[in-house]
Amino acid sequence: MSIKEDLEREEVREPLMDKKNLSYEQGGSFVQSRSKESAWMVYLSTFVAVCGSFAFGSCAGYSSPTENDIREDLSLSLAEYSVFGSILTFGAMIGAITSGPIADLIGRKGALRVAASFCVAGWLAIYFAQGVLALDLGRLATGYGMGIFSYVVPIFIAEISPKNLRGALTTTNQLMICGGVSVAFIIGTVLTWRALALTGIVPCAILVFGLFLIPESPRWLAKRGREEEFQTALQKLRGKEADISQEATEIKEYIETLERLPKARFVELFQRRYLRSIGVGLMVFQQFGGINGVCFYVSNIFESAGFSPSLGTIIYAILQVVVTALNTTVIDKAGRKPLLLVSASGLVLGCIITGISFYLKVNELAIKSVPALTLTGILLYIGSFSAGMGAVPWVIMSEIFPINIKGVAGSLATLVNWFGAWAISYTYNYLMSWSSYGTFILYAAINALAIVFVVTVVPETKGRTLEQIQAAINA
């Protein structure tokens, strides 16, 4: 039986808690007051976790507004600054490899502390840098922290959230990344590069302090056999008056089932049921659809097309944040799969329009229409990416892998994502030198393949507990 069929079968098997909620609704407003009481700790925990996402964005957005000042103050060559910019990705890949084992060994909160510590150390090294070595080591350290954040934040949020909020709350990870990038870009125009480095410490400090106020992931505690802490954490997240007995039983029974399975091995990730769970596959399409080429070189794209690079970049940044914010309000209503299909379709169209604009420019046809076409294509591209392919793969990755293999599988998915980010950013200029319009047609073809992948492989996970999703995958 396929995963999609399993999940459709699970849809009719609602947990006992939902039946209790239905009776409360019929009895009056009791369920509304209880839901308000039980949601605030989940919201607080999510806010603390996504401070890591904002720190991620601060790291990613740092190099763009600071290039000229750093090169001038430290007398760096273009090659030396290129190493400074790109070493972030290598640090993130190392962080991705180790993120799963760290999160499994010391917990989700412990992994967040490790990531924040590396980011703080990295920012301080950059702030005090007097030469290229300290600068690169600091950038490598912040990249390592980013790699851990990129895995642990969505996993932690998914594991603490009730199913009706899980999609929206996990999507705030991508929203805060966009926010961090945009803030770094904006304040980087008025602050010195050393002062901007210090601002990167702020979200890390809030995160470390906030971790003292929130519980650990109940599912991780259950997996580690810490029964009393598991019960306490789940009760805090659901509210003092909430009945957690059914949810606690479901989690423990599922953990016990998984504990009887053989220990996860790397080769098991390539078994059909895990490939069809698309945790890795969606990461491939997310990155190889060209996002980092467009994101890193958007100013050059606008400039080469004859459109104001500063105005285009500002519109681009604002649109990215706004669409990502809107996405958080619809993901648990529309579902994961429809958003992915709409997003990938928009990416194809955006790439085709941009490719046409460059074709017209190269062949000196309808030159006056090139700036407008380029702006339309790029804005459609980033708007479409923010509507689905930006956030939803991380949501599904956090949902789809069973907890006995989540550390290994999540590390692999995150590593693939970061490798794709590096590969696209590295090859973009070479591809553009080969053919500007051909580059975007190639990206359009990859995004078209993503549509086929989503239609044929991706199951819908909306409205189901993690245990229901993972039980269907392992059936």
Side-chain angles (χ1 to χ4, degrees), residues 60-61 63-64 67 78-79 81-90 92-93 143 181 280-307 309 312-313 316-317 320 343-367 369-386 389-390 393 415-453:
S63 60
S64 179
E67 178 176 358
L78 179 59
Y81 192 82
S82 295
V83 171
F84 171 72
S86 62
I87 203 171
L88 181 81
T89 309
F90 284 98
M93 284 192 277
V181 171
V280 174
L282 274 179
M283 295 301 181
V284 171
F285 286 110
Q286 182 197 62
Q287 290 299 330
F288 284 88
I291 182 58
N292 273 289
V294 174
C295 181
F296 288 177
Y297 299 102
V298 65
S299 294
N300 292 337
I301 293 172
F302 286 133
E303 187 174 6
S304 64
F307 190 84
T313 302
Y316 174 100
Q320 185 177 33
S343 176
S345 300
L347 289 171
V348 171
L349 186 57
C351 286
I352 290 174
I353 293 173
T354 306
I356 291 172
S357 72
F358 278 107
Y359 179 84
L360 293 176
K361 181 188 176 185
V362 168
N363 293 278
E364 298 183 351
L365 302 171
I367 293 297
S369 67
V370 169
L373 277 175
T374 302
L375 180 66
T376 301
I378 293 299
L379 293 185
L380 177 59
Y381 180 94
I382 191 58
S384 298
F385 182 83
S386 301
M389 287 299 290
L415 174 62
V416 167
N417 185 278
W418 281 110
F419 174 78
W422 170 80
I424 291 301
S425 60
Y426 180 78
T427 59
Y428 176 82
N429 283 326
Y430 293 104
L431 288 172
M432 289 293 284
S433 298
W434 160 67
S435 172
S436 56
Y437 58 86
T439 299
F440 283 92
I441 297 303
L442 176 62
Y443 292 157
I446 294 173
N447 286 307
L449 289 176
I451 296 174
V452 177
F453 183 78

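FYI, side chains are in, hydrogens and waters are out, and symmetry mates aren't considered; it's all heavy atoms of this structure. The first residue in the sequence is number 1, and the count goes up from there.
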Start with the C-alpha distance between I378 and I353, add both sets of side-chain angles, then the distance that settles side-chain contact (heavy atoms from CB on, under 4.5 Å), and finish with yes or no.
CA-CA 8 Å; I378 293 299; I353 293 173; over 6 Å; no
Between Y437 and F358, is a ring-ring contact (aromatic ring centres under 6.0 Å, His included) present by the stated rule, with each step listed?
CA-CA 5 Å; Y437 58 86; F358 278 107; 8.8 Å; no
Minimal heavy-atom distance between S304 and I301, with the atoms involved, is OG-O, 2.9 Å
Those residues that, when tested against Q320, pass side chain to side chain donor-acceptor pair (under 3.5 Å) (two or more places apart)
none
Aromatic ring pairing F440/Y443, orientation class (parallel under 30°, perpendicular over 60°, tilted between)
perpendicular
pair L360-I356: side-chain heavy atoms closer than 4.5 Å
yes
If you round to the nearest 0.5 Å, how far is CG of L379 from OG1 of T374?
10.5 Å
Donor-acceptor contact present, side-chain T439 to main-chain S435, <3.5 Å
yes
Would you indicate whether Y428, at its atom OH, is surrounded by more than 12 heavy atoms from other residues, nucleotides or ligands within a distance under 6.0 Å?
yes
Side chain to side chain, L347 and S343, heavy atoms closer than 4.5 Å
yes
To the nearest 0.5 Å, how far apart are CD1 in I441 and CD1 in I352?
6.0 Å
Nearest heavy atoms of G420 and F288, plus distance in Å
CA-CE1, 3.7 Å
With a 4.5 Å heavy-atom cut-off, do Y381 and V294 have their side chains touching?
yes
Option from M93, M283, Q287 for which side-chain contact (heavy atoms from CB on, under 4.5 Å) with W418 holds:
M93
Smallest heavy-atom separation, N292 atom then A421 atom, equals ND2-CB, 3.3 Å
Any idea which heavy atoms bring S357 and V370 closest together, and the distance?
O-CG2, 3.6 Å
Nearest 0.5 Å please: distance from the CD1 atom of I291 over to the OG atom of S384.
10.5 Å
Minimum-distance pair of heavy atoms, taken over all atoms of L282 and M389
O-CE, 4.2 Å
Which heavy atom of N447 sits nearest a heavy atom of C351, and at what distance?
ND2-SG, 3.9 Å
Any side-chain heavy-atom pair of L375 and F307 under 4.5 Å:
yes
